[in-house]
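Here is the structure we will look at, set down as structure tokens.
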Amino acid sequence: DRPVFAGGTERFNWTLAVRHSHNWTIENVVLQDGGLCFRNEATNTVLKNGLIRRCSTGVLSTDRNSGNLSMINVEVTESGGKKPGRSWGHAVYVASDQHSFPGSQFLLKDSFLHDNRGNSVKSRFENTLIENNWIESGEDPQAKYLVELIGYDQKYDFAGQQFKVKGNTMLMRPPGLGSRTGGDGNSGSRGDTLYENNLFLIDEDFGRTIVRTFQGLHSVTLRNNSIAFIEDENEPVLLTDEIPDANWVEGHPVITLENNNVTEDTRLLKRDETGDGDNRSAVTITGNRELPPIVTTMEKIEE
């Protein structure tokens with residue numbers, strides 16, 4: 001019975017947008033079938049108890065004039081992807097303006113993201129907290145990263161972005177790419193990334209790394225996460241580091257892998273960097289527990 005907003009204008013094809021219009025709470029609505037179903041160019045915006053579906057991009061927060069954005073108990077599905085002649089769309093693609101609204105945070109909480117194309121969540125926010133969500137990879141050939149946490153779009157930031165991914169269930173299956181943090185080729189984050197208390201549900205045919213670093217970071221930490229398998233176990237890689245030493249802020253990787261629940265066939269850290277340095281003093285791997293693999297089925301997951 002929620003009100004439905006559908007489609008958009010011929011000029012912009014936005015279903016709903018806030019522009020220089022702050023402190024909005026938008027709840028209990030359905031946004032669907034737009035080129036861009038929700039566009040944020042404001043601060044202190046809250047999306048709550050909503051459904052967003054069948055959008056070229058589900059939620060977009062702009063590089064300029066965007067501040068705090070919260071999504072709480074929102075379902076996003078059948079959104080994102082690449083149309084001929086257009087750039088990639090994503091289920092949730094957000095950024096903040098660190099000059100107009102310094103210290104802004106993107107909050108994604110208690111939400112359900114599934115069956116999307118492109119990235120389920122792509123954040124360039126100054127601060128990001130992704131907490132207590134169910135995020136699963138779509139099976140469409142255009143499905144990409146579940147969570148991509150990266151630097152500003154071609155803008156350098158001295159402090160770097162802070163990303164926290166906590167208490168989520170993240171279902172990884174092909175053709176999805178797992179998660180990536182650092183950069184996407186435009187500019188590195190140069191900040192800190194934390195994955196904590198997440199459950200990684202891994203399909204038997206998922207052959208990618210769970211988390212991948214790229215381009216530039218200050219640090220990455222994976223703490224108290226657990227792994228379970230769908231249908232059959234495989235040999236997962238928890239973290240693949242692809243950042244050359246020189247592109248780490250400290251001039252060497254700052255990596256912490258601690259107290260994760262894994263299996264004896266889990267590779268905790270793989271380094272594919274191409275730098276000449278070999279300073280590993282800030283790589284900490286401790287307290288990780290090798291447990292018998294937990295194998296479940298999609299039927300049980302759906303229940």
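Here, residue 1 is the first one in the sequence, and each next residue gets the next number.
When hydrophobic clusters are built by joining Ile, Leu, Val, Met, Phe, Trp and Tyr residues whose side-chain heavy atoms come closer than 4.5 Å, directly or via intermediates, Val262 is grouped together with Ile255.
Asn133 contributes a side-chain N or O that, together with a main-chain N or O of Glu131, makes up a donor-acceptor pair within less than 3.5 Å.
For the residue pair Ser66 / Asp97, no side-chain donor-acceptor distance below 3.5 Å is found, with atom types taken as modelled. The closest side-chain donor-acceptor pair between Asp192 and His218 falls under 3.5 angstrom. A donor-acceptor contact under 3.5 angstrom links the side chains of Glu148 and Asn119, judged on distance only.
The aromatic rings of Phe106 and Phe125 sit tilted, their planes meeting at an angle between 30° and 60°. Ring-plane geometry between Phe112 and Trp134 is classed as perpendicular, the angle between the planes exceeding 60 degrees on a 0 to 90 degree scale with a lower cut at 30. The aromatic rings of Trp14 and Phe12 lie parallel to each other, their planes meeting at an angle below 30°, with 60° marking the opposite boundary.
The two residues Ala91 and Ser120 make their nearest non-hydrogen contact at CB-O, 3.4 Å.
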Distance-only check: which donor-acceptor pairs under 3.5 Å involve side-chain atoms of residues 201-213, not counting sequence neighbours?
residue	atom	partner	partner atom	Å
Asp203	OD2	Asp205	N	2.8
Thr209	OG1	Val211	O	3.2
Thr209	OG1	Val237	O	3.2
Thr209	OG1	Thr240	N	3.4
Thr209	OG1	Thr240	OG1	3.0
Arg212	NE	Glu242	OE1	3.1
Arg212	NE	Glu242	OE2	3.0
Arg212	NH1	Tyr145	OH	2.5
Arg212	NH2	Glu242	OE1	3.2
Thr213	OG1	Asp241	OD1	2.6
Thr213	OG1	Glu242	N	3.1

Using atom types as modelled, flag every donor-acceptor pair under 3.5 Å from a side chain in residues 296-303 to any protein atom, sequence neighbours excluded.
residue	atom	partner	partner atom	Å
Thr297	OG1	Lys300	N	3.2

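Annotation for Val30: hydrophobic cluster partners, listed by chain and number, are Val4, Leu51 (ILVMFWY side-chain heavy atoms under 4.5 Å, direct or chained).
Within 6.0 Å of the CZ atom in Arg86, the count of heavy atoms belonging to other residues, nucleotides or ligands does not exceed 12. Within 6.0 Å of the NZ atom in Lys270, the count of heavy atoms belonging to other residues, nucleotides or ligands does not exceed 12.
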